[in-house]
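Worksheet for the structure shown next.
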Amino acid sequence: MDKTKRLEIKDLDAWFFDKQALNKINMYVQEKQVTAIIGPSGCGKSTFIRCLNRMHETVQGARSAGTILLDGENIMRIDPVLVRRRIGMVFQKPTPFPTMSIYDNVAAGLKLNGVSNRSQLDEIVEKSLRQAALFNEVKDSLQKPGVSLSGGQQQRLCIARALAVKPEVILLDEPCSALDPISTGKIEDLIHELKKDFTIVIVTHNMQQAARVADFTGFFLLGQMIEFDITTKIFTAPEDKRTEGYITGRFG
Amino acid sequence: MENNKQSNFIKRKLKEKIFLAAIFIFSLLAIIPLFLILGYVFINGITAVNWQFFTQLPTPVGEPGGGMANAIVGTLIIVLIACVIGLPIGILGGVWLAERGRGKTGFFIRYAADVLSGIPSIVIGIFAYTLIVFTMKRFSALAGGFALGVIMIPTVTRTSEELIKMVPTSLREAGLALGVPEWKVSLRVVLRTAWGGIFTGIMLAVARISGETAPLIFTSFNNQFWSFRLDQPMASMTVQIYNYAISPYADWHRKAWAGSLVLVMIVLCITLIFKRFSKRINYG
């Protein structure tokens with residue numbers, strides 16, 4: 001695993017009002033690898049991933065401190081709008097824009113940022129839908145509303161929408177928790193494919209999922225990063241007792 | 001035991017039926033006035049509605065024929081002016097209140113809007129009179145449109161705010177996560193999602209101001225002739241109906257009824273046409 005570090009997180013703290021949700025997180029994300037964040041509910045894993053593209057601070061009363069380097073550049077000092085174009089995000093529940101067609105949903109990020117060249121849009125929409133393994137299912141109904149798709153398809157639509165703005169890193173915040181096993185399987189296959197072109201961070205409360213898709217895994221507990229290592233190491237020979245306790249199902 | 005269960009079941013069924021019937025009767029009662037008014041206006045008005053009514057100017061007393069063509073166009077123009085003034089302020093104000101109006105300023109604006117919507121329309125007419133008619137030294141369509149626009153603002157603001165607040169945070173976040181600036185997310189994702197409901201609110205406001213008479217009497221006044229100048233008095237259906245209705249002439253009374261019917265129909269048509277139009281742009 002001799003690759004470059006795409007993201008480096010140094011002493012990251014986060015708060016909701018007075019309540020500290022993250023405490024001195026230190027880790028890194030390798031280029032074109034999948035990094036999973038696991039941990040019990042309320043351990044701060046969603047807060048953590050939302051700090052990475054500065055979505056955390058959009059919530060009232062939320063703030064953060066520390067350093068997050070994207071290719072060596074501190075994203076805390078870059079305009080959040082620009083950060084989010086480079087670091088895309090897919091949420092827990094599928095969130096297609098209800099007023100837009102399938103096509104417009106995928107094109108939304110580009111259109112809203114002023115791209116109006118039709119052939120360019122067509123090309124990117126098709127490419128993004130193919131990358132999200134959705135194109136063959138929707139190619140004859142691109143003008144139908146995005147919300148007419150099934151839950152699993154909607155989530156892949158949201159992935160396509162995130163891919164269309166050509167991010168370097170993609171954050172997946174429990175992308176399968178609202179989906180059935182078959183749709184979950186499709187998303188996991190997709191993650192394996194996307195790894196070739198993108199750097200991926202995924203939050204999951206499903207340990208098997210982390211074991212299946214991730215190259216690196218970080219274990220969070222009560223706002224702290226307990227252990228971070230190569231996935232196989234975390235699941236076979238964890239160093240910390242608490243990690244072992246969690247992955248063997250003794251708590252959480 | 002078995003018997004007891006049976007009778008309980010029947011009792012519950014009976015209760016349900018009674019309540020269903022009650023709900024049905026009350027909802028019927030709620031719409032009866034609407035149909036009574038519509039029916040009464042229709043019966044009294046339809047006899048005087050004819051082609052002339054839509055194409056000709058009013059005639060002096062005693063002279064048969066004539067219509068309300070200038071007043072119909074005048075009402076449309078004045079309502080249009082009101083929309084141009086009231087809608088941008090109302091809608092954007094609603095967006096601001098929903099997205100940023102949590103603090104003291106928001107509270108104050110919300111409170112002011114609620115007070116404004118409770119002010120009698122005639123008072124707003126006086127306000128427009130002092131502000132525009134008095135300074136311009138003449139009645140004008142502009143003053144009328146301004147008065148109606150002010151009446152629209154609070155309704156549009158508050159409905160926009162409420163409906164925008166109903167748009168789930170997840171959609172706003174999805175927009176932001178695409179690297180779209182916040183104001184664009186507000187206008188092109190959030191507002192667009194809430195638009196269907198806001199539009200209904202706008203149509204209700206338009207319907208309401210189309211029927212306003214008092215604020216127009218001393219702003220746009222009236223005009224017996226064609227006029228398209230916004231700085232001149234302009235005829236409107238409501239003022240014309242009012243003038244006809246308080247007159248002692250039977251022919252004018254019939255025209256007042258006809259005017260009422262046409263006004264109701266116009267509001268209905270505008271609502272239906274724009275409802276369809278708004279659905280189309282929503283999926284465009």
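In what follows, chains are A, B, ... by sequence order, proteins preceding strands, each numbered from 1.
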Side-chain (Glu193(A)) to main-chain (Ala132(A)) donor-acceptor, under 3.5 angstrom: no

Inter-chain contacts: residues 51-71 of chain A against chain B, heavy atoms under 4.5 Å: Asn53(A), Met55(A), Thr58(A), Val59(A), Gln60(A)

Set of side-chain contact (heavy atoms from CB on, under 4.5 Å) partners for Thr105(B), sequence neighbours left out: Trp96(B), Ile109(B)

Crowding at CE, Met265(B) (>12 non-hydrogen neighbours, <6.0 Å): yes

Side chain, backbone, both or neither of Val189(B) within contact of chain A (heavy atoms, under 4.5 Å): side chain

Plane angle bin for Trp195(B) and Phe199(B) - parallel if under 30°, tilted between 30 and 60°, otherwise perpendicular: tilted

Distance-only polar pair, side chains of Thr193(B) and Arg172(B), donor-acceptor under 3.5 Å: no

Contacting moiety of Phe91(A), where chain B heavy atoms sit under 4.5 Å: side chain

Heavy-atom pair count under 4.5 Å with chain B, highest-scoring of Val90(A), Leu171(A), Leu112(A): Leu112(A)

Largest heavy-atom contact set with chain B, pairs under 4.5 Å, which of Arg161(A), Met89(A), Lys93(A): Arg161(A)

Note: Arg50(A)-Asp173(A) ion pair, threshold 4.0 Å (strictly below): no

Contact origin within Pro96(A) toward chain B - heavy atom pairs under 4.5 Å: backbone

Aromatic plane relationship, Phe216(A) with Tyr28(A) - under 30° parallel, 30 to 60° tilted, over 60° perpendicular: perpendicular

CZ (Phe108(B)) with more than 12 external heavy atoms under 6.0 Å: no

